[in-house]
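Presented below is the structure to which this report refers.
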Amino acid sequence: MKFATWNVNSLRVRLQQVVDWLKFYQPDILCLQETKVQDENFPLDEITAAGYQSVFVGQKTFNGVALLSKQAGEDVVTAIPGLDDVQKRVIAATYADIRVICVYIPNGESVESDKYQYKLNWLYAFHEWLQEEIVKYPKLALLGDFNIAPEDEDTYDAVAWKDKVLCSQPERDAYYGLLKLGLVDSFRMFEQPEKVFTWWDYRMMAFRRNRGMRIDHILLSETLSNYCVSCVIDKSVRKLERPSDHAPVMVDLTKMS
DNA sequence: ATGGTAGAGGATCTA
């Protein structure tokens with residue numbers, strides 16, 4: 001089984017890239033973030049034609065998440081229960097006995113911003129909900145754009161980004177708080193080269209200079225991690241014309257088959 | 001030098 005995540009930064013702009021990617025890699029599940037499309041405009045026909053089912057929750061202009069899957073999901077949840085939030089940032093579904101949660105964690109803008117407080121509050125509420133979910137579902141995968149670089153090695157310049165948004169200690173504490181619930185960073189299960197990132201700013205030729213950050217993650221519950229044989233970042237799509245600023249991340253749970 | 005680019009939507013906001 002292959003699970004993947006990709007912040008597409010507008011599904012309508014990236015639709016052909018997503019369809020091509022699905023056809024090439026044939027993941028069992030693809031989590032999308034920043035679809036930026038209202039539900040009535042979701043490109044259902046094109047996704048269906050590619051052989052995938054979809055569940056989604058979107059809004060005008062910003063945010064929006066979706067789960068594309070070969071098999072139908074059950075027990076779909078489209079918000080953090082109990083959190084009063086107009087922003088569409090989470091969707092979860094169960095496939096066989098595996099709970100898949102797709103998240104678009106707030107960016108935060110800067111540590112001085114009100115959006116940073118919103119991010120920390122959101123992470124607290126998400127933690128509370130995830131704690132319940134992982135008890136209910138021992139096989140759980142959490143995929144998405146976390147907008148957090150867990151370690152200095154996940155940044156192109158740790159000195160420049162020290163205590164900045166995406167790297168600040170409260171954000172990293174919240175990230176490791178999620179791991180403490182019983183999740184493993186699939187990327188770090190394996191030996192990896194240095195300077196491997198998932199996001200590069202559109203500006204300042206950041207991609208060409210590999211000035212990126214590793215902020216998109218696939219976290220697996222310990223039960224599920226036993227089946228994981230690889231975690232790769234597909235940098236190739238970032239080189240396409242009109243790319244998303246994020247690259248997809250994919251895990252292979254082949255041992256499960 | 002606090003810039004630059006991309007997306008949505010139709011002036012700025014978000015990232």
Side-chain angles (χ1 to χ4, degrees), chain A residues 5-21 31-43 46-47 56-66 83 85-91 102-123 126 143-150 154-168 170-172 174-175 197-217 233-249:
Chain A
T5 180
W6 190 5
N7 179 324
V8 289
N9 186 20
S10 171
L11 180 55
R12 283 174 291 179
V13 171
R14 236 63 69 188
L15 183 55
Q16 194 56 51
Q17 290 184 22
V18 169
V19 167
D20 290 346
W21 202 85
C31 303
L32 300 177
Q33 301 87 37
E34 283 204 272
T35 54
K36 297 186 175 178
V37 62
Q38 294 181 97
D39 292 348
E40 57 266 36
N41 298 325
F42 191 90
E46 292 87 342
I47 302 292
F56 43 84
V57 59
Q59 65 185 98
K60 206 180 200 178
T61 314
F62 308 119
N63 309 313
V65 285
L83 180 68
D85 187 12
V86 296
Q87 302 192 24
K88 308 303 185 189
R89 296 185 171 278
V90 63
I91 189 163
C102 168
V103 286
Y104 176 46
I105 292 175
N107 172 284
E109 190 184 30
S110 73
V111 294
E112 298 85 11
S113 170
D114 291 344
K115 297 192 192 77
Y116 180 78
Q117 278 310 313
Y118 166 71
K119 180 179 195 172
L120 295 181
N121 292 340
W122 197 97
L123 280 161
F126 180 69
L143 309 87
D145 177 0
F146 286 62
N147 274 310
I148 299 171
D154 299 312
T155 74
Y156 67 88
D157 186 341
V159 174
W161 282 84
K162 183 175 165 56
D163 297 327
K164 297 284 189 349
V165 75
L166 311 186
C167 299
S168 74
E171 292 166 87
R172 287 178 169 175
Y175 172 84
F197 308 122
T198 65
W199 169 78
W200 302 260
D201 199 298
Y202 284 122
R203 297 165 289 190
M204 304 291 286
M205 294 181 289
F207 182 68
R208 216 187 65 184
R209 301 156 74 188
N210 198 31
R211 290 164 65 102
M213 312 281 272
R214 194 176 71 90
I215 57 176
D216 301 83
H217 307 297
I233 297 166
D234 179 19
K235 202 174 162 176
S236 70
V237 293
R238 189 63 176 77
K239 300 171 186 169
L240 297 174
E241 204 171 323
R242 277 193 102 181
S244 166
D245 45 351
H246 293 253
V249 187

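All of these numbers come straight from a predicted model, not from anything done at the bench.
- Every side-chain contact (heavy atoms from CB on, under 4.5 Å) that A/Asp39 has, sequence neighbours left out, goes to A/Phe56.
- Rounded to whole Å, the separation between the C1' atoms of B/dT14 and B/dG4 comes to 15 Å.
- Residues A/His246 and A/Trp199 share a closest heavy-atom pair of NE2-CD1, 3.3 Å.
- B/dA15 and B/dG9: their P atoms are spaced 15 Å apart (whole Å).
- Spacing between B/dG3 and B/dC13 at atom P, rounded to whole Å, works out to 14 Å.
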I need a per-nucleotide contact map over nucleotides 6-15 of chain B, read 5' to 3'. Cutoff is protein heavy atoms under 4.0 Å; write B for the base, S for backbone only, - otherwise. SSSS----SB
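- The backbone N or O of A/Asn9 sits less than 3.5 Å from a side-chain atom of A/Arg14, completing a donor-acceptor pair.
- When atom types are taken as modelled, the side chain of A/Thr155 and the backbone of A/Met213 share no donor-acceptor pair closer than 3.5 angstrom.
- The number of heavy atoms from other shown groups lying within 6.0 Å of CG (A/Asp157) is above 12.
- The two residues A/Thr5 and A/Gln33 come nearest to each other via the heavy atoms OG1-NE2, 2.9 Å.
- A/Gln59 approaches A/Lys88 most closely through the heavy-atom pair OE1-N, 2.8 Å.
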Dump the pairs, protein N or O against N or O of nucleotides 1-3 of chain B, anything under 3.5 Å, distances to one decimal.
none

Steps toward side chain to side chain contact (heavy atoms under 4.5 Å, CB included) verdict (A/Ile47, A/Leu15): CA-CA 9 Å; A/Ile47 302 292; A/Leu15 183 55; 3.9 Å; yes
